[in-house]
Number of protein chains: 2
Amino acid sequence: MAKAPRKAETSIDAIAADLVAVLVAVTEGEPKIMTIANATALPSGPFQFGHRSLQTGLRAWVEAQTGHPLGYVEQLYTFADHGRTGDARAPHRISISYLGLTREDQVREGSEGHWSGWYEYFPWEDHRAGTPALLAKIVAPKLRAWAKSAESTSVQKARWQRAAITFGLDDRTWNEELVLQRYELLYEASLIPEAVRAKGTGDAVVPGRAMISDHRRILATGIARLRAKIKYRPVVFELMPAEFTLLQLQRSVEALAGRTVHKQNFRRLIEQQELVEETGAMAAETVGRPAKLFRFRHGIVAERAVAGTKLPLSRS
Amino acid sequence: MAKAPRKAETSIDAIAADLVAVLVAVTEGEPKIMTIANATALPSGPFQFGHRSLQTGLRAWVEAQTGHPLGYVEQLYTFADHGRTGDARAPHRISISYLGLTREDQVREGSEGHWSGWYEYFPWEDHRAGTPALLAKIVAPKLRAWAKSAESTSVQKARWQRAAITFGLDDRTWNEELVLQRYELLYEASLIPEAVRAKGTGDAVVPGRAMISDHRRILATGIARLRAKIKYRPVVFELMPAEFTLLQLQRSVEALAGRTVHKQNFRRLIEQQELVEETGAMAAETVGRPAKLFRFRHGIVAERAVAGTKLPLSRS
DNA sequence: TCCATTATGCTCAGGATAAGTATAATACGA
DNA sequence: TCGTATTATACTTATCCTGAGCATAATGGA
């Protein structure tokens, strides 16, 4: 710091920063993300002088592009361009990405904004109806071929081990949090269009809709973060309406996690944590026995700093 | 994105980005951070054209300033200047911060680098010898005064509740992960020099060494991240020598967490996770019964994608 | 030899978790 | 009107994890 040139804003170290939003909603048990440009891009725009902060800049861009106001927001990650601009002498461009949570709402007429199901971009991530067929039929064989294509046997082994762990192959258990690792593995194996596009060696890829530049990587980062976070912070409620049944809540969690949960135990967990309270009303227009309606206890968020230790920390 | 000006690198939305490192080591049971500028700043420097990526830029700056090579690195957070530059029309400057883990080593002769104990900056965070006296004697009374200074009773209550929760007052339990929340609360209450400096209303503050601009906030972010992470990822080993006893490992964890753990249970946890293996040798030059030496099983990192669920996710 | 000190093995109670069984309400069609 | 499908909700059970403490083993030094 002391030795660094400090007045360099307009000279050699000037760069440009983009703000990118992974804006999530869950509607009728399906996770959606806000997209623009015909569902090929996330809402984004440059961080400009007029923006008072990174978040206000992000909010401005999202509202301008989609007409949708931003609620809960947290920062995800900052990427620098992966040298894909070609010219190494070109000034840097970095992307500062955010995760936002809302409810699906009216997208402004005439705006570019569009809610897209996130599993369109990651079909291998939805395990709610069991392991998707395309994993065994398409992904696994291609990954095996990629592993085999390495020269040395040790690299072949290492590649396959990595693939098996991240995708839960060879009887390993599926870990829903490894969204980014899976995407990056597929990218490395040139099995997704974005990678092939960069290399120019286009050919057989895995199913799933592509996005511009590294937006799909950013989306993977957002999904991974959200899947991890719902386990120790009550963020699901940002995605729920004011009143909901426990089954609706469960379906939302399952939509995000991409897997099912045990119904009775889910209720017990939610209730014993005192996260919700009954509204007194019952759900209408349903099949089966009507369910009680609940609302989120906002007070509890401030109360709890949340537990969740893993080390044997002594109490006294 | 579609509507955003794309070629603006040199025009209105050009900004400057600093790379900042929280470089941690643990030596003889004390957590240290690498500092420069007489222990008032973290290693940092601008992201420049010549840097191939954010991480390479960071590595270059840290090595130049401290002579210490960077090992394990992960990104922390990206901050924009908090409007402290004064001029709202001035171009933006953002800080991209990283957490790095190493072992204390020889700092290059003549370099600015210096290892400082991190509890010098956060004396209220060290609970290894019980709750520090300054919490009850200094911090709590000042926070209570700050709470009382609010106009409305409801704000007074809310302020004190927040203080009590983050600092574990009123018989609440101490949560060692809330490092950043505690710093930000003290900042808001004008109890630390950095806040007073910005406001210009200098007066009674809480003990603890200050840093330039928001480096102490960045340090708090790094400590919080590390305290959270050691509970579910085997990152402590980045800070350990090749061979170590289980007690040394425990002392390192305690140094980071700022609290003690139950010895027997700690061993059980480490051993049953198969994170370490015996080297066969014993520790020399100690008091008491000699301890076995262990080494970290590097292989296990790749094997495990780590468990740690909190929702009743069903297996099938 | 006794004591201080650290290492290590083991037990036990309580709580959390996964999984399953059983029963309660509702709508709808036969 | 009565079964049946469907969802809600209450309990039970076995297992595992965790915190806490007791007991014993090695070592060096007084």
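Protein chains get the first letters and strands the later ones, always in sequence-line order, with residue 1 at the start of each.
- Going from atom NE2 of A:His262 over to atom P of C:dA16 covers 18 Å, rounded to whole Å.
- Of all heavy-atom pairs spanning B:Glu254 and B:Arg128, the tightest one is O-CD, 3.4 Å.
- Rounded to whole Å, atom C1' of D:dA8 lies 16 Å from atom CD1 of A:Ile270.
- A distance of 11.0 Å separates CD1 in B:Ile218 from CD1 in B:Ile33, rounded to the nearest 0.5 Å.
- Salt bridge annotation for B:Glu176-B:Lys231: present, with a cationic side-chain nitrogen under 4.0 angstrom from a carboxylate oxygen.
- Taking atom CG on A:Leu249 and atom P on D:dA8, their separation rounds to 12 Å, with Å as the unit.
- Figure legend: A:Arg144 and A:Trp160 shown as a cation-pi pair, the cationic atom lying under 6.0 angstrom from the six-membered ring centre and within 45 degrees of its axis.
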Check the interface with nucleotides 6-10 of chain C: list each N/O to N/O pair with the protein under 3.5 Å, or write none.
{"unit_1": "C:dT6", "atom_1": "O2", "unit_2": "B:Arg289", "atom_2": "N", "d": "3.4"}
{"unit_1": "C:dA7", "atom_1": "OP2", "unit_2": "B:Lys263", "atom_2": "NZ", "d": "2.8"}
{"unit_1": "C:dA7", "atom_1": "N3", "unit_2": "B:Arg289", "atom_2": "NH1", "d": "3.4"}
{"unit_1": "C:dT8", "atom_1": "OP1", "unit_2": "B:Lys292", "atom_2": "N", "d": "3.1"}
{"unit_1": "C:dT8", "atom_1": "OP2", "unit_2": "B:Arg267", "atom_2": "NH2", "d": "2.2"}
{"unit_1": "C:dT8", "atom_1": "O5'", "unit_2": "B:Arg267", "atom_2": "NH2", "d": "3.2"}
{"unit_1": "C:dG9", "atom_1": "O6", "unit_2": "B:Gln264", "atom_2": "NE2", "d": "3.3"}

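- In this model, a donor atom of one side chain and an acceptor atom of the other lie less than 3.5 Å apart for A:Glu74 and A:Tyr72.
- Tested against A:Trp118, the residues A:Leu226, A:Val26, A:Val179, A:Thr35 include a single side chain to side chain contact (heavy atoms under 4.5 Å, CB included) partner, A:Leu226.
- Summarising the geometry, the separation between CD on B:Gln272 and C1' on D:dG19 is reported as 13 Å, rounded to the nearest angstrom.
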